Undergrad: 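The structure follows.
Atoms considered below: every heavy atom in the structure, side chains included; atoms not considered: hydrogens, waters and symmetry mates. Source: prediction; values computed, not measured.
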There are 2 protein chains.
Amino acid sequence: MGKTALMKRYSRRDESDPARSCTENVELGGLADLIGYALKRTQLAVYQDFQRTFSDLNVRPVQYALISVIGCNPGLKQSQLGAALEIKRANIVSLLDELEERNLAIRSPVAADRRSYALHLTEKGMELLEKLQERSVEEEKRLASRIGQKGREQLLTLLREVRETADQLNQ
Amino acid sequence: MGKTALMKRYSRRDESDPARSCTENVELGGLADLIGYALKRTQLAVYQDFQRTFSDLNVRPVQYALISVIGCNPGLKQSQLGAALEIKRANIVSLLDELEERNLAIRSPVAADRRSYALHLTEKGMELLEKLQERSVEEEKRLASRIGQKGREQLLTLLREVRETADQLNQ
DNA sequence: TATTGTTATACTCTATAACTATA
DNA sequence: TATAGTTATAGAGTATAACAATA
């Protein structure tokens, strides 16, 4: 494609166009049809919904993820937690510090390997997880209210397949 | 759901379980079935693929977005660019500085409104956009290689619908 | 008064290197 | 030597407040 073709394709508007002053008329230049961009924008909108839904519990998405995995795998090590969530072990440290300071989780020494800690939720942590789970189910219903349960399952399948494809390319 | 039910649901494993030492056996506690988490993980994988694909051109996703929108809307203002991409105007500044330093885009004074600048791609910017577009088409094909063209369109539709749903909830 | 671009700032997420104590 | 956790640090992305110039 030569420059002339590019100009024709991309110069649909110019500063002389009165519509220029209207934000809604800004073209995204095909961005909206890219999987990566659609993923980012949708993820951001869903993330904002999460923040709104969980702000009174003072829980960010990453904290929800930690609590959920620790709750489901009591006794696991930090390195395992990080591997499961694809979070570098260096970045797990301060996240767990936060949970410990809030008395939601604890690090316990492991007799068999004194380098590592076994992670558990506290009573308070388990109670919070229960609340988070319940609210998460409601949030999920709201998010899927337009696409329906079938659409939701299709979406999860497509996302998993695209992720696996990208992971293979990234190997 | 009481604590006992929660324990039953979440304590499938314990530190006494020998499988504990195997990372693959860490349960995500339903995380994998949440739209938000699936979005995040897929977006991360696709983002990494983008970085790999465009690293030789030294272009990050956000830079691709800027170049694409400026190329498609020559003469638009920074505030319009930011509104179209949902980037705060304060954060647009340094991104545009980068593009100007690399001689990919320029800020031109606007006679009608001396507060704002009209944005244009340079020749070099237009040439880069052309390369980016071509490579983007290939990347899109690779990402959709498993789900197919039909799956890709389904995915984009579902993502748009979920985003619109979340945006409504966030209003 | 409101808007455009700018600066300063801060917080989160992510990534790497180097350190310690254990294995 | 290798591994688990830690610390320090740096780069991005995102958010707000305040400012100057202009409308």
Undergrad: Rounded to the Å, how far apart are A/Gln43 CD and D/dG13 P?
TA: 14 Å
Undergrad: Between A/Asp113 and A/Tyr47, name the one whose nearest nucleotide on DNA chain C is closer to the 5' end.
TA: A/Tyr47
Undergrad: Any side-chain N or O of A/Lys77 less than 4.0 Å from the OP1 or OP2 oxygen of D/dG5?
TA: no
Undergrad: Nearest to the side chain of A/Arg60, heavy atoms from C-beta on, is which of C/dT7, D/dG13, C/dT12?
TA: C/dT12
Undergrad: Roughly how many Å is it from CG in A/Leu76 to C1' in D/dA4, rounded to a whole number?
TA: 13 Å
Undergrad: Mark yes or no for a side-chain to base donor-acceptor pair under 3.5 Å between A/Arg115 and D/dT3, with no hydrogen or angle criteria applied.
TA: yes
Undergrad: Which nucleotide wins on minimum distance to the side chain of B/Ser79, given the candidates C/dT4, C/dT6, C/dT12?
TA: C/dT4
Undergrad: How long is the line joining CZ of B/Arg107 and C1' of C/dG5, in whole Å?
TA: 8 Å
Undergrad: Is it true that B/Val46 and B/Leu158 fall in one hydrophobic cluster, defined by side-chain heavy atoms closer than 4.5 Å?
TA: yes
Undergrad: Could you walk me through whether A/Lys141 and A/Glu138 satisfy the salt bridge (charged side-chain N to carboxylate O under 4.0 Å, His left out) test, starting with their C-alpha distance in whole Å, then the side-chain angles of each, then the deciding distance to 0.1 Å, before giving a yes or no?
TA: CA-CA 5 Å; A/Lys141 279 185 196 162; A/Glu138 295 307 312; 3.8 Å; yes
Undergrad: Quickly work out the A/Leu95 CG to C/dC13 P distance and round it to whole Å.
TA: 7 Å
Undergrad: Send over the distance from B/Leu66 CG to D/dA12 C1', rounded to a whole Å.
TA: 14 Å
Undergrad: Quick one, B/Arg107 and B/His120 - any side-chain contact, counting heavy atoms below 4.5 Å?
TA: no
Undergrad: Are the side chains of A/Leu39 and A/Leu34 in contact, using a 4.5 Å heavy-atom criterion?
TA: no
Undergrad: Let me have a per-nucleotide readout for nucleotides 15-20 of chain C, 5' to 3', with B, S or -, counting only protein heavy atoms under 4.0 Å.
TA: BBBB--
Undergrad: Of A/Ala111 and A/Glu98, whose closest DNA chain C nucleotide lies nearer the 5' terminus?
TA: A/Glu98
Undergrad: Among C/dC13, D/dG13, D/dT6, which is the nearest nucleotide to the side chain of A/Val62?
TA: C/dC13
Undergrad: Can you check whether A/Gln63 has a side-chain N or O nearer than 4.0 Å to OP1 or OP2 of C/dT12?
TA: no
Undergrad: Does A/Arg114 make a side-chain N or O approach to OP1 or OP2 of D/dT3 shorter than 4.0 Å?
TA: no
Undergrad: Would a 4.5 Å heavy-atom cut-off, applied to side chains only, mark B/Arg160 and A/Arg146 as touching?
TA: no
Undergrad: Distance check needed: C/dT12 P versus A/Phe50 CZ, whole Å only.
TA: 15 Å
Undergrad: I'd like to know whether B/Arg60 forms a side chain to side chain donor-acceptor pair (under 3.5 Å) with B/Tyr64, so could you lay out the CA-CA distance, the side-chain angles of the two residues, the decisive distance to 0.1 Å, and finally the verdict.
TA: CA-CA 6 Å; B/Arg60 285 169 285 140; B/Tyr64 178 92; over 6 Å; no
Undergrad: Can you hop from A/Tyr47 to A/Leu57 via hydrophobic side chains spaced under 4.5 Å?
TA: no
Undergrad: Can you tell me how far C1' of C/dT14 sits from CD1 of A/Ile87, to the nearest Å?
TA: 10 Å
Undergrad: In whole angstroms, how far is the P atom of D/dT6 from the CG atom of A/Leu96?
TA: 8 Å
